[in-house]
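Input: a single structure, listed below in structure tokens.
Keep in mind that this is a model prediction, so the values were computed, not measured. Every heavy atom of this structure was used, including side-chain atoms; hydrogens, water molecules and symmetry mates were not.
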2 protein chains.
Amino acid sequence: MKIGELAERTRLAPSQIRFYESIGLLKMVRRQPNGYRSYPPEAVLVLNLIVTGQKAGFSLDELRRLLPSDLAQWEHGRLLDALRDKVQDIAAFETRLAQSKAQLVALIAEIEARPDDIDCATNAKRVLSRMGLCETQSPTLVAGDIKALGKAKRRRVAGAG
Amino acid sequence: MKIGELAERTRLAPSQIRFYESIGLLKMVRRQPNGYRSYPPEAVLVLNLIVTGQKAGFSLDELRRLLPSDLAQWEHGRLLDALRDKVQDIAAFETRLAQSKAQLVALIAEIEARPDDIDCATNAKRVLSRMGLCETQSPTLVAGDIKALGKAKRRRVAGAG
DNA sequence: CTTGACATTAAAGTTAACTTTAAAGTCAAA
DNA sequence: TTTGACTTTAAAGTTAACTTTAATGTCAAG
């Protein structure tokens, strides 16, 4: 199958598929006599696997180290380890998220509970000090910040030219 | 206070503080006669607020729109709305995380439950098809991916020169 | 009066995961 | 035979949130 069809079947952009190849993530590709890329049906599986892996928090770099070029050659040990590590990461992240949410909820409550007889500035300071924002909260830095919560942007609809 | 002290008190890098100023996020800064930046004590509050906001998933861009230059001029309405929106975002994200984790756990179980009498390739295919990786899982794209789960990298320890 | 720590600037570099652009070749169909 | 859809490439652009670099200025202390 050519890149267009693969793109359609995986709902990825052709440029994305070429990119994955360029970084050594997708190696199952041959060339037709005319130079066009030619993919086996399993390429769909692998690309879906990559997408799934990304959704689970694996970087393309991690995935490259994890996914063998040959589907028949999975290193079960390393793979399972990585999966378990990632589950741990997610659990830790869930904790951090819960904390952030709790803090936001508390902040909202704090702001809403404004005594009504004090002005904005005073209330602002009250809220800030109550929330412990005056002191550094986490002395030890936690790896990875919540980058993913930003607004959705330029998202292209594949195949809707 | 000069930038060095502010950096120490907030545990941010001076370059970071200058950067925040450059994008219009931190406006409470004057200049000494010699050209050095001079910050009021409230700058510590604001920077901590920014850091906290980031941890809760706000982008610097969102924070800029949300935080007024003057602490006494909080727009409670817009602020509360934004906070509630963010709580929603986090909740949605928690759901996605939980799904990802469940999928990973199921995947681990699936791999471990390998019948032992079949080879790697066959098992791989069995796992892949069982996990539904052959079909596109989410037809509609969800905004925001889990970028934050990547490995921790170059993290500088402020003040440990 | 020199040293060292700190400050300034503009501009370029970093990372991840892609997309966009530009210039060109391929190919089935009208 | 000329569209038009699809393909190729290398290289540059994008975004966020910073850092690094380089060249220079300030200032308290020895």
Inset, instruction - Take A:Y39 and B:Y20, find for each the nucleotide of DNA chain D with the closest heavy atom, and name the residue whose nucleotide sits nearer the 5' end. - result: A:Y39
Legend entry - Below 4.0 Å: OP1/OP2 of D:dC6 and any side-chain N or O of A:Q32: no
Inset, instruction - Report yes if at least one side-chain N or O of B:Q54 is closer than 4.0 Å to OP1 or OP2 of D:dC18; otherwise report no. - result: yes
Legend entry - Out of D:dC18, C:dT19, C:dA7, whichever nucleotide has its closest atom nearest the side chain of A:F19: C:dT19
Legend entry - Separation of D:dC18 P from B:I50 CD1 (nearest whole Å): 10 Å
Inset, instruction - Decide yes or no for A:R18 and A:S22: does some side-chain heavy atom of the first lie under 4.5 Å from some side-chain heavy atom of the second? - result: no
Inset, instruction - Would you indicate which nucleotide in D:dT19, C:dA17, D:dT26 comes nearest to any side-chain atom of A:S59? - result: C:dA17
Legend entry - Flag side-chain contact, heavy atom, 4.5 Å: B:I50 against B:L60: yes
Legend entry - Separation of D:dT8 C1' from A:Y36 OH (nearest whole Å): 8 Å
Legend entry - Carboxylate-amine/guanidinium contact B:K86 B:D89, below 4.0 Å: yes
Inset, instruction - Figure out the CD1/P separation between B:I17 and D:dA17, and round it to whole Å. - result: 17 Å
Legend entry - Over 12 foreign heavy atoms within 6.0 Å of CZ, A:R30: no
Inset, instruction - Starting at atom CG of A:L47, determine the distance to atom P of C:dC18, rounded to an integer number of angstrom. - result: 11 Å
Legend entry - Value in whole Å for how far the C1' atom of D:dC27 lies from NZ of B:K2: 8 Å
Inset, instruction - Begin from the C-alpha positions of B:L104 and A:F58 and carry the test side-chain contact (heavy atoms from CB on, under 4.5 Å) through to its verdict. - result: CA-CA 11 Å; B:L104 283 187; A:F58 287 92; 4.3 Å; yes
Inset, instruction - Could you tell me whether B:I23 contacts a base, only the sugar-phosphate backbone, or nothing, with contacts defined as non-hydrogen atoms closer than 4.0 Å? - result: nothing
Legend entry - Distance, rounded to the nearest Å, where A:L6 contributes CG and D:dT8 contributes P: 11 Å
Inset, instruction - Would you tell me if any nitrogen or oxygen in the side chain of B:R37 comes within less than 4.0 Å of OP1 or OP2 on C:dT9? - result: yes
Inset, instruction - Can you tell me the distance, in whole Å, between the CD atom of B:E21 and the P atom of C:dA7? - result: 14 Å
Inset, instruction - Using a cut-off of strictly less than 4.0 Å, decide whether A:N34 has a side-chain nitrogen or oxygen near OP1 or OP2 of C:dG25. - result: no
Inset, instruction - Could you tell me whether A:R18 contacts a base, only the sugar-phosphate backbone, or nothing, with contacts defined as non-hydrogen atoms closer than 4.0 Å? - result: base
Legend entry - Integer-rounded Å distance: C:dC6 C1' and B:M1 CE: 16 Å
Legend entry - B:S15 side-chain N/O to D:dT19 phosphate OP1/OP2 under 4.0 Å: yes
